[in-house]
Each structure stands twice: as structure tokens, then as C-alpha cells.
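One-based numbering along the sequence shown.
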Amino acid sequence: MNTENRPREQWGSRLGFMLAALGSAVGLGNIWRFSYVAGESGGAAFILIYLFCIAAIGLPILMAEFTIGRRAQLDVVGSFQKISPGKPWVLAGYMGVASAFIILSFYGVIAGWSMFYFSQYVIGGPDIGGEGGSLDFFVNFHTATFAPILWQFIFMLITVGIVYVGVKRGIEASNKILMPLLAILVLILAGYSMTLEGASEALNFLFTPDWSALTDPSVYLAALSQAFFSLSLGMGALITYGSYLSKKEKLPGAAVGVASMDSLFAIVAGLMIFPAVFTFGIAPDSGPGLVFIALPDIFADMSFGIIYGLLFFFLLTAAAISSGVSLLEVAVAYFMRKFEWSRQMTSVFIGTIIFLIGIPSSLGFGALADVTILGERDILDSMDFLASYIFLPLGGMIIALFIGWGWKKADALEASNFGDTVLGNIWLWIVRIFAPLAILIVFLYSTGIVTF
Ligand code: PFF
């Protein structure tokens, strides 16, 4: 293992780092996954728990990841090994690399759908005027064998291309332009959506909790997983990004900025999608196709809808790319260091493997529709379940315990830039006790091992 004599890359500025971390966080998770999971989990009550998970568990762990990465200046496995050589904490590092493979494999499939829709708006809009409307159009596309895989391939090609070019010129530069644009567009679309007939029903669904939903144990794990997925947490994406940050930058402000912008994105995306869902009579629990069915209906209804559709799917794809890049970077940074491969060769090699692993997730909607793994889940859902429900929360728990118990208190407070302040001490107690315990309880409760 030779890490010392190859100079490591760094972000150009603190803002560049924040935008890249935000680029990792904001992606399909905020729009595609958030809306369909919120739809399946009953809306407002789920969203409240989700926001609580972000603030009380996600944000402190996000700080922990930034702190670990910045201190070690290494990839996710190397970070644990350098800070605590020979200790089992590194398990979280290996789980992180595994999660990168699993998540990016199915993430590429959904991102491919988004690219396909973009291509449809380029040629004048999807043909949803027939009897089955946007639902039939979506079903025809995503159950096919070749087209979705081709789009997944194109997505992976671009993602690999950016990682191939490198941290500063590739990742940082693209996020600086695309993130603000996406924010503006989602706000405009949400504004339009709120003028639709179904808006009040949507507001009700999103903000008036049906407390009885809280008696369903699975809602807690769904909310916790969504918080981890959406913040790119628990698998070292933010350790890896933190490792390209210089020692002189302050961490807590960046962490708060990323967590709050990420949740805001999700809520506004909800305001964009659910009025359409209720106006056009789509079932909120339609599953992973929800945004691909609801949004084309809005665009078909709007004046200049084709242009909005075009812009929207372009930006959704861009957001997916910046998240995909961070997923790939976790694995690439590890293999590059471990085997002393070049960045170029590693990104192409790992990208190809991940693309191949993703193919069954795509076929699971068509040719392999009969295959179910992990309960009644289709292939893509099983991949998501394994990573988001198990690896990310477990990884997050180990990361929290690592900072809380594996580091000296003064060291953790110094490396995080909190110093010996009240906030710093609260943070430490959260990562020591509260966050790991909360994750454990949610796990045991949702899997039925413990009931209250
Ligand atoms: N946070 C991304 C999203 O919300 O789409 C997904 C993701 C990216 C998860 C990177 C995990 C990760 F490491």
C-alpha cells in the first residue's frame, strides 16, 4: 500500500466542496425516492419522522463523516485504517465500498429512465395522449429489455467520464452550475403545481399527519433509510469528499448547509409532485414509477410544458449524475489507492462492473419480472433494501460509534472544528449514545424483534 508519494487531489474552495457534497446529497433520492416512499408510507407522519431523523441522527453523522475524511485525507477504507490501525472499525469502510456498488447499480437504472424521458421531450414530448396515458407509456418503456439498459449504459458512461477527469475539474465544476439551476426549476414547477385542483389534497397529504400511520413499525425504518439515502450517509461518500478538503476549512456550517438544503429540496419536490398525483388521479402509493407517471401529466397540462419537461428531466439527470459520481468515487478512491491503479483505468473498470451488476435490476421489471428476492421485492427493490435499509444505517451506526468511542474526546472536538463548546459536546453525546441507540431501536422495532 503506497499512499504517501502520490499527491492527493483537493477541492478548489470551501464553496466548491459544499456544492459537491450537496450535489452528492441532492439526486434521485430527493425527487424519485422521496416522493414514492412518502406516497407508500402515508405522507405527513412519515415526513415528520424523516425530518427528525435528518436533524437528530443524520446531521450529527454527517459531521462525523466530514470529520473522519478530513482528518485522514484518505478513501473510506484507508480512513479507518489510518486513524485506528488494526481495529475492526474498518468494517464500515468495506461495507461502504460494497454499498457504492449496490446503490450505483440500481441508481443507474432509474437515472437511465430520467435520461430517456429527457430524450422524449427533446423530440416533442412523450406520447401519452393514448388511452392508458402516462402510465401505459411508462410501463411500455421500463418493462422493455434493451432500451432501459441502453439508457443506463449512457448514464454510466457520463458518470465514469466525470470521475475519470478528476475531483476538481470534473465534479466540482459541474455542480457549481447545475445545483442552483435545479433549485430554481423545482421552485417554479412547485409553484405551478400548487395552482392545480389537487393542491389542497396534496397539502393535506404532505402536512396533516395521520397519526395512526405511526403504529406501523415499518414507517420508522423507511424514514430512517430515506434520511440516510438522501444525505448520502453511512457509506463514506462524505468521508471521501471530506478527504479532499484542506485542514483550514470549517466543517459544522458546511454540514448544516448540506442537510438543510437537502431536506428543503425533498419537501419542495413533494409540493411539485403530489398536487399532480391528486389532480390526475394517480395512486400516491404507485411505487418507483410515481414521478415518471405524475410529471408528464403536469407537463402535458401546462403551456410550454414541453420546455419545462425538457428542462426538468435534464436537471434531474444532472442531479443523478452528481450523486452517481460520488457513489463511484467511493469505490474508485479505494481501489486506486489499494492497488495503485490509475484513476482512469480504475474508473472505467469499476464503472463497467457496476453497470453489469445493474442490468438485472432493470430486467426485473420485464424479462425477469417473476424473480423476487428478499421478501416479495423485485430485484431493484431488493438492492435498494439491502443497501438503504441495512448497510447505510449500520454503517452510520459504526461511524457514529467510531467518533464517539474510538477517538479521544479532545481530538474529536478539535478535528470537527467544534472545539470544546456546548454544541460540540451535544454532538459527541449524540454520536456516542443517542444516534446508535436510535438506529438500533428502529431496527429491532421495525423487524418485529422488539414491540412496544
Ligand atoms: N443522496 C443521493 C440521492 O438522494 O439521490 C443518493 C446517494 C448518493 C446515496 C451517494 C448514497 C451515496 F453515497
- Query: Side-chain contact, heavy-atom cut-off 4.5 Å: I439 with I61?
  - Reply: yes

- Could you pull out the closest heavy-atom pair between L59 and L231, with the gap in Å? N-CD1, 4.4 Å

- Note on the structure: d(Q120 CD, F137 CZ) to nearest 0.5 Å is 4.0 Å

- Query: Does any non-hydrogen side-chain atom of M272 lie less than 4.5 Å from one of V291?
  - Reply: no

- Query: For F153, does the CZ atom sit with more than 12 other heavy atoms under 6.0 Å from it, leaving out its own atoms?
  - Reply: no

- Task: Look up atom CD1 in I154 and atom CE in M115, then write down how far apart they are to the nearest 0.5 Å.
- Result: 6.0 Å

- E201 side-chain N/O to F278 backbone N/O, donor-acceptor pair under 3.5 Å: no

- Item | For the student: nearest non-hydrogen atoms of I350 and F101, plus distance | CG2-CZ, 3.7 Å

- Item | Y244 ring center near F17 ring center (under 6.0 Å) | no

- Any side-chain heavy-atom pair from R337 and V77 closer than 4.5 angstrom? yes

- So, S388 side chain and F229 main chain: donor-acceptor pair closer than 3.5 Å or not? no

- So CZ of R343 and OG1 of T346: to nearest 0.5 Å the spacing works out to 8.0 Å

- Are the side chain of T195 and the backbone N or O of Y192 linked by a donor-acceptor pair below 3.5 Å? yes

- State the CZ-OG distance between F314 and S114, to the nearest 0.5 angstrom. 10.5 Å

- Query: Between CH2 of W151 and OH of Y117, what distance do you get to the nearest 0.5 Å?
  - Reply: 12.5 Å

- For L214 and A45, work out which heavy atoms get closest and say how close. CD2-CB, 3.8 Å

- Query: For the rings on Y50 and F34, is their centre-to-centre separation under 6.0 Å?
  - Reply: yes

- Classify the ring geometry between F155 and Y107 as parallel (under 30°), tilted (30 to 60°) or perpendicular (over 60°). tilted

- Note on the structure: Residues A237 and V330: closest non-hydrogen pair is CA-CG2, 3.4 Å

- Task: Flag the pair F292 / W32 as yes when their ring centroid distance falls below 6.0 Å, and as no otherwise.
- Result: no

- Message: Using only atom types and a distance under 3.5 Å, with no angle test, would you say the side chain of N30 pairs donor to acceptor with the backbone of G27?
- Response: yes

- Item | Side chain E329, main chain V163, donor-acceptor under 3.5 Å | no

- Got I399 and I239 here, is their nearest side-chain heavy-atom distance under 4.5 Å? yes

- May I ask you to decide if S446's main-chain N or O and S218's side chain share a donor-acceptor pair within less than 3.5 Å? no

- Message: With a 6.0 Å cut-off on the ring centroids, do F312 and Y308 count as close?
- Response: no

- Task: Would you confirm whether S323, through its side chain, and V26, through its main-chain N or O, come within 3.5 Å as a donor-acceptor pair?
- Result: yes

- Could you tell me whether the side chain of S243 and the main chain of G69 form a donor-acceptor pair under 3.5 Å? no

- Task: Using atom types as modelled and distance alone, determine if a side-chain donor or acceptor of S361 lies under 3.5 Å from a backbone N or O of F106.
- Result: no

- Query: Of F304, Y121, F280, which is the lone residue that meets ring-ring contact (aromatic ring centres under 6.0 Å, His included) with F299?
  - Reply: Y121

- Query: Under 3.5 Å, is there a donor-acceptor pair between the side chain of S347 and the main chain of Q344?
  - Reply: yes

- Task: Of all the heavy-atom pairs spanning L182 and A319, show the shortest one and how long it is.
- Result: CD2-CB, 3.6 Å

- Query: Taking all atoms of both residues into account, what is the closest heavy-atom pair of P275 and S193, and its distance?
  - Reply: CB-O, 3.3 Å

- List the steps and the verdict of ring pair (Phe, Tyr, Trp, His ring centres under 6.0 Å) for F349 and F335. CA-CA 10 Å; F349 179 57; F335 283 101; 7.7 Å; no

- With a 4.5 Å limit on heavy-atom distance, are the side chains of W89 and L401 in contact? yes

- Task: Any chance you could measure T279, atom OG1, to F274, atom CZ, to the nearest 0.5 Å?
- Result: 12.5 Å

